[in-house]
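Right, one structure below, let's go through it.
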Amino acid sequence: MNTSFIFIIVFGMIIFLSSFFTVKQQTSIIIERFGRFLSVRNSGLQFKIPLIDRIAGRVNLRIQQLDVLIETKTKDNVFIKMKVSVQFKVIQDHVYEAFYKLEYPHDQITAYVFDVVRAEVPKLILDDVFERKDDIAIGVKRELNEAMMTYGYDIINTLVTDIDPDIQVKNAMNRINAADREKTAAMFESEAQRIRIVAKAKAEAESKKLQGQGIADQRREIARGLVESVEVLNNVGINSQEASALIVITQHYDTLQAIGADTNSNLILLPNSPQAASDMLNSMVTSFTASNIIGEQMKKQPKRIKKPDTTAIDYNPSDTSNPEQ
């Protein structure tokens with residue numbers, strides 16, 4: 001008798017304690033009574049009638065993420081793989097619909113993502129897919145919200161996290177990008193080369209200009225020095241021809257001395273006798289005199305007039321014959 005009573009008490013305590021259960025935070029529990037929906041229990045300590053009520057299932061109220069990998073093609077017939085991440089949760093006030101109306105929510109969401117992506121992406125070329133991936137994600141979210149709200153699911157966000165074209169397409173895109181960058185680099189190099197050439201030409205022109213001015217100033221000073229030298233020699237009773245000869249001889253020996261003083265100079269053969277300088281002066285004077293005589297004669301002779309029926313080849317301005325004969 002005592003043993004049976006103790007057994008009944010222990011069994012009763014077990015049944016009584018099993019009537020209490022706890023529900024975790026962000027979780028809802030479905031209670032059924034004899035197979036029929038009774039209530040939804042939220043977080044905390046809960047009570048149910050033992051042997052009559054039972055826990056039918058648990059519903060997670062936290063935000064969940066489903067990654068959907070889709071293969072589709074673009075408008076320009078490029079096959080790509082897209083990864084769409086869907087973030088969703090069960091609406092707390094619609095736990096009944098989420099538990100009883102939809103058995104496989106992941107499959108349902110995946111089907112809608114496939115339908116929307118394969119309807120939108122074929123309208124776009126590959127470049128537009130990358131640029132408008134946010135528009136695709138918004139379209140997926142809109143379609144999912146309209147469909148899944150009936151089943152108690154709220155679509156928090158959809159993200160296109162990856163767009164992966166075929167490896168050959170990626171290589172071609174990389175080559176196009178590399179060629180475009182090489183073209184840009186070549187343009188900049190050409191422009192830099194042009195700037196260097198122009199700057200160098202300007203520097204050379206300025207150098208030649210300054211060099212020419214220096215030579216002109218040098219010759220001007222030499223001429224002034226020669227005039228002063230001739231005037232000094234004339235003052236001591238040396239005529240102009242003798243003074244010129246003396247200056248030429250002096251410059252001749254100065255040149256020989258400068259050549260001999262330079263250790264790196266090449267061999268140059270010059271006449272080194274005093275008579276050579278005088279011959280050089282006489283030759284110069286004779287050349288100047290002959291040139292002046294010829295110039296005066298050409299000025300006195302009439303120029304030939306070009307006939308109307310002759311060509312430019314037949315016309316010779318230096319021909320002094322009578323054109324009318």
Side-chain angles (χ1 to χ4, degrees), residues 24-30 40 56-187:
K24 293 182 179 180
Q25 187 70 30
Q26 291 297 320
T27 303
S28 293
I29 289 182
I30 305 297
V40 177
R58 298 176 183 268
V59 178
N60 186 3
L61 299 180
R62 289 176 292 182
I63 296 176
Q64 305 175 62
Q65 178 167 310
L66 175 64
D67 294 330
V68 182
L69 187 62
I70 312 165
E71 184 175 8
T72 183
K73 81 175 188 67
T74 61
K75 187 176 181 180
D76 47 353
N77 297 322
V78 177
F79 282 88
I80 60 174
K81 292 181 180 179
M82 298 182 61
K83 183 178 179 181
V84 180
S85 297
V86 181
Q87 299 172 352
F88 64 96
K89 71 174 183 177
V90 176
I91 303 174
Q92 189 169 2
D93 295 337
H94 296 78
V95 174
Y96 175 85
E97 291 85 354
F99 186 79
Y100 286 103
K101 287 188 177 182
L102 195 60
E103 185 173 5
Y104 301 107
H106 288 189
D107 294 343
Q108 189 82 1
I109 293 174
T110 300
Y112 275 101
V113 171
F114 267 83
D115 181 67
V116 174
V117 170
R118 289 184 171 175
E120 294 295 330
V121 173
K123 300 177 183 179
L124 307 173
I125 62 174
L126 181 60
D127 293 339
D128 291 341
V129 172
F130 284 92
E131 295 177 1
R132 300 177 58 183
K133 69 182 186 66
D134 291 339
D135 296 338
I136 298 173
I138 292 173
V140 173
K141 180 182 178 182
R142 181 175 59 251
E143 293 292 332
L144 284 176
N145 262 329
E146 293 177 359
M148 300 302 294
M149 189 67 70
T150 306
Y151 305 110
Y153 285 88
D154 181 23
I155 306 301
I156 305 300
N157 203 358
T158 56
L159 304 172
V160 178
T161 57
D162 189 21
I163 301 175
D164 187 18
D166 185 78
I167 185 64
Q168 296 181 354
V169 176
K170 289 194 289 187
N171 292 336
M173 293 174 67
N174 290 334
R175 289 197 299 270
I176 293 173
N177 186 268
D180 184 65
R181 292 182 181 274
E182 289 177 358
K183 177 182 177 182
T184 304
M187 293 174 59

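Predicted, not measured: the structure shown is a model, and the values here were computed from it. Residues take their numbers from the sequence shown, with the count starting at 1.
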Expected list for residues 153-161: side-chain donor-acceptor pairs under 3.5 angstrom, two or more places apart:
| from | atom 1 | to | atom 2 | distance (Å) |
| --- | --- | --- | --- | --- |
| Thr158 | OG1 | Ala137 | O | 2.5 |
| Thr161 | OG1 | Lys83 | O | 3.2 |

Distance-only check: which donor-acceptor pairs under 3.5 Å involve side-chain atoms of residues 88-103, not counting sequence neighbours?
| from | atom 1 | to | atom 2 | distance (Å) |
| --- | --- | --- | --- | --- |
| Tyr100 | OH | Glu32 | OE2 | 2.7 |

Using residues 107-129 as the side-chain source, report each donor-acceptor pair under 3.5 Å to any protein atom, sequence neighbours left out, with the distance given to one decimal.
| from | atom 1 | to | atom 2 | distance (Å) |
| --- | --- | --- | --- | --- |
| Thr110 | OG1 | His106 | O | 2.8 |
| Arg118 | NE | Glu71 | O | 3.3 |
| Arg118 | NH2 | Glu71 | O | 3.0 |

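With sequence neighbours excluded, no residue satisfies side chain to side chain contact (heavy atoms under 4.5 Å, CB included) with Ile176. Residues satisfying the side chain to side chain donor-acceptor pair (under 3.5 Å) test with Asp134, not counting sequence neighbours, are none. Among residues two or more places apart in sequence or in another chain, the side chain to side chain contact (heavy atoms under 4.5 Å, CB included) test is passed with Arg181 by Asn177. Under the side chain to side chain contact (heavy atoms under 4.5 Å, CB included) criterion, Lys73 pairs with Asn77, Phe79, sequence neighbours left out. Under the salt bridge (Lys or Arg N to Asp or Glu O under 4.0 Å) criterion, Asp67 pairs with no residue, sequence neighbours left out. The side chain to side chain donor-acceptor pair (under 3.5 Å) check on Thr72 picks up nothing, with sequence neighbours excluded. Residues that satisfy the side chain to side chain donor-acceptor pair (under 3.5 Å) test with Arg175, not counting sequence neighbours, are absent from this structure.
Distance check: Ile136 CD1 to Ile163 CD1 gives 6.0 Å after rounding to the nearest 0.5 Å.
Nearest heavy-atom pair, Asn60 versus Gln64, reported as atom, atom and distance to 0.1 Å: O-NE2, 3.9 Å.
Between Ile30 and Val40 the shortest side-chain heavy-atom distance falls below 4.5 Å.
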